[in-house]
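Following: one structure in structure tokens, then a few remarks.
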Protein chains: 2
Amino acid sequence: MTNIKVVAELAGVSATTVSRVLSGKSYVSDDTRMRVMDAIQKTGYSPNVMAKGLKMGRTNTIVLMLPDIQNLIFPMITRGVEDAARQKNYTVILCNTDENSGVEKDYISTMKSRLVDGFIVGSMLPNSIHIRNLRTEGFPLVLINRFYAKDEGKIDIVAIDNFKAAYNAVRYLIGSGHKKIALALGRENLYLYNERHRGYRAALEDHNIPYNENLVMREATGSSSFYSMTQALMNSENRPDAIFATSDPKAFVILHALHEMGIRIPKDVSVLSFDNVTLSGMVEPPLSTVAQPFYDIGVRATNNLIHQIQYKDEKGVLPQPLKELLETDLIIRASTR
Amino acid sequence: MTNIKVVAELAGVSATTVSRVLSGKSYVSDDTRMRVMDAIQKTGYSPNVMAKGLKMGRTNTIVLMLPDIQNLIFPMITRGVEDAARQKNYTVILCNTDENSGVEKDYISTMKSRLVDGFIVGSMLPNSIHIRNLRTEGFPLVLINRFYAKDEGKIDIVAIDNFKAAYNAVRYLIGSGHKKIALALGRENLYLYNERHRGYRAALEDHNIPYNENLVMREATGSSSFYSMTQALMNSENRPDAIFATSDPKAFVILHALHEMGIRIPKDVSVLSFDNVTLSGMVEPPLSTVAQPFYDIGVRATNNLIHQIQYKDEKGVLPQPLKELLETDLIIRASTR
DNA sequence: TTGAAAGCGCTAACAC
DNA sequence: GTGTTAGCGCTTTCAA
């Protein structure tokens, strides 16, 4: 591996000078600069990141911490993160934690000892203090998708307005003539699902449709529980004319249950969903859904994080936390009438 | 950040001794070991990976290079890689390259300067010499999914037997009474699709069904082209009674086209596919498909790679390349009769 | 405008 | 069984 000394020797200068040419932060005569550049070219030299990292305490590396890359929404976010990171010469380390706080803590300490520059976290839970501590300890940190009231103004956030998105979705259903709208609600320990629940309820009440607890299916364990809940609901006296699913995977299961029962979509019941995962346009019937800007969430989170890193480098402290709520988009396909 | 010196001082020993306790490679008296352990505990010390990496030329980091994490098969592989890596205390850097060799080369040089320990590559193309060079230059390397005849015996490979898997799938269709089996064939510059093509053809011919070029749909640009090809084929005089799709995403498109035409599956035509991506059991009708052991491919590739890394550490050279072909599994759901 | 020297945190000879 | 020393490749004072 060719190092800075080799280049220096070849160019007939000191290692310091080579370093200066590379950083561009100091005056070097045009003549020497040329010779150094030449030597770099000839040797194919590329600086050793470890050595630089050791000296600088910085590594141009960021961590992306997710529950599970196998969840359909994360590959898109991940791609956004990586593209944005690469553009600014950062490398991304992927951590799947299954929301297990033990795993998260392990990862965090490993990553600290690797001198990573910052964290993007998509697995935040209400009591994840080990995550919140990162910011307190001075680590650049961005929360994506999941955050809680107490985080606002304290930690950088890139997400969507879940209340508004759900409100608009349900209002659309009401507007297109649905009267009895069921809700397939995700895990209630996540703020985002509470918000979607609130949005659903508010839209109903604003249009004089009484909120009916019997129409809400609550997630038990895993989204597959919606299979039997859907069948039960459709067989009950509360049979809805529309179902609003708070995520696409839930809608897939619901579609499946409906098909098995021979119920026609959207003729007998409309299904409106949330996420717009890649496959949501490919199922039968293609799903109407609230599109989240996943790729963009990844890009913005990364840009925010890198800004924090640079700011901290210059001023020694983290900038004021920002909260970015991106726009969603209601996509109407064939599962709603 | 507390470093080895702090620990040493607190324990009343030298830094070397602390290092020895940590590595466990040398004798340390039980008494000192205790004191060191204590000091580590008290200070919350964790070694600086940069410093260690600089010294050792090793970083316990591996690179996973993929076309695009958004392709449905990669999240599973990625998860396998990461789980296996974490278990052995390795960290994984994710690189999406879109199969762009410029991007790949950039990534490779960045990664070299980061002293990564090895590469797992899922984006191999026939002429990817920059990848093959990695092995030549002494980097541990494992190819997953994609490889070519010339790589066998030269580079480590973890994949499946595509010929056999396709052969068995088509034989199953023949055995269940199908007589006119179409093929939805993927990009022909990939060896794996050639093999699936070969398997399809061999199964046909072994059962005295003539191979008919008119029944093979060849991928033009992106899998969406299969939409119109399917419709054309179903309207032609060559209308098949079964379609063998060489990947699940292709099958999704085909299903979609069939639905639009009002063709019943599997009554009018069976669809058998390849991959067993998470969603293949959720579409309508649930897809019969050749299941690939994606997670396991990730795990095995990682274990192989780490073995190479350790072997090279000890003996200074890479071990003989291994080729591992994992078993596939024919999963029959509702899209075949 | 350039170079010499020190040091980031760690490990591996080599001594004792 | 333990400590001293040197050095991995880089950047950053400080001098010249």
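Numbers restart at 1 for each chain; the letters A, B, ... are given by sequence-line order, proteins then strands.
The shortest distance between side-chain heavy atoms of B:T32 and B:R35 falls below 4.5 Å.
Remark: A:L325 CG is packed, more than 12 non-hydrogen atoms of other residues, nucleotides or ligands lying under 6.0 Å away.
One finds the NZ atom of A:K52 at 13.0 Å from the CE atom of B:M50 (value rounded to the nearest 0.5 Å).
Remark: P of D:dT11 and CG of A:N3 are 12 Å apart, rounded to the nearest angstrom. Atoms NZ (B:K52) and C1' (D:dG9) sit 19 Å apart, rounded to a whole Å. Rounded to whole angstrom, the span from the CD1 atom of A:I4 across to the P atom of C:dG3 amounts to 12 Å. Separating the CE atom of A:M56 from the P atom of C:dG9 is a distance of 14 Å, rounded to the nearest angstrom. For A:K5 and D:dG9, the NZ to C1' distance is 9 Å, given to the nearest whole Å. Regarding A:L22, its CG atom lies at a distance of 9 Å from the P atom of D:dC10, rounded to whole Å. Distance B:K25 NZ to D:dG1 P: 18 Å, rounded to the nearest Å. B:R58 places its CZ atom 14 Å from the C1' atom of C:dT11, with the value rounded to the nearest Å.
Taking the nucleotide of DNA chain D with the nearest heavy atom to each of B:S26 and A:L54, the more 5' of the two is matched to B:S26.
Remark: A:K323 does not engage A:D156 in a salt bridge, criterion side-chain N to carboxylate O under 4.0 Å.
Sorted by first and then second residue, the salt bridge (Lys or Arg N to Asp or Glu O under 4.0 Å) pairs with a member in residues 67-80 of chain A read A:D68-B:R79, A:R79-A:D83, A:R79-B:D68, A:R79-B:D98; sequence neighbours excluded. Legend: ring pair (Phe, Tyr, Trp, His ring centres under 6.0 Å) pairs involving residues 96-147 of chain B, not counting sequence neighbours, sorted by first then second residue: B:F119-B:F139, B:F147-B:Y191. Residue pairs meeting the side-chain hydrogen bond (donor to acceptor under 3.5 Å, both in side chains) criterion with at least one partner in residues 3-13 of chain B, sequence neighbours excluded, do not occur; the list is empty.
A:T32 has a side-chain polar atom (N or O) that falls below the 4.0 Å cut-off from OP1 or OP2 of C:dT2.
Residue B:M50 is classed as having no contact, given no heavy-atom separation below 4.0 Å to the nucleic acid.
A donor-acceptor pair shorter than 3.5 Å can be found between the side chains of A:S123 and A:E104.
Taking A:L326 as the reference, A:V158, A:P293, A:D296, A:I297, A:R300, A:E324 meet the side chain to side chain contact (heavy atoms under 4.5 Å, CB included) condition, with sequence neighbours excluded.
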Restricting to nitrogen or oxygen on both sides, can you table the protein-nucleotides 3-7 of chain D pairs closer than 3.5 Å?
{"from": "D:dG3", "atom 1": "OP2", "to": "B:S14", "atom 2": "N", "distance (Å)": "3.0"}
{"from": "D:dG3", "atom 1": "OP2", "to": "B:S14", "atom 2": "OG", "distance (Å)": "3.2"}
{"from": "D:dG3", "atom 1": "OP2", "to": "B:T17", "atom 2": "OG1", "distance (Å)": "2.6"}
{"from": "D:dG3", "atom 1": "N7", "to": "B:R20", "atom 2": "NH2", "distance (Å)": "2.7"}
{"from": "D:dG3", "atom 1": "O6", "to": "B:R20", "atom 2": "NH1", "distance (Å)": "3.3"}
{"from": "D:dG3", "atom 1": "O6", "to": "B:R20", "atom 2": "NH2", "distance (Å)": "3.4"}
{"from": "D:dT4", "atom 1": "O4", "to": "B:T16", "atom 2": "OG1", "distance (Å)": "3.0"}
{"from": "D:dG7", "atom 1": "N2", "to": "B:K55", "atom 2": "NZ", "distance (Å)": "3.0"}
{"from": "D:dG7", "atom 1": "N3", "to": "B:K55", "atom 2": "NZ", "distance (Å)": "3.4"}

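Scanning residues 34-49 of chain A for heavy-atom distances under 4.0 Å to DNA chain D yields A:Y45, A:P47, A:N48.
Closest approach to the B:A51 side chain among C:dA12, D:dT11, C:dC10 is made by C:dC10 (side chain taken as heavy atoms from C-beta onward). Residue A:S19 has its side chain nearest to D:dT11 when only C:dC10, D:dC8, D:dT11 are considered.
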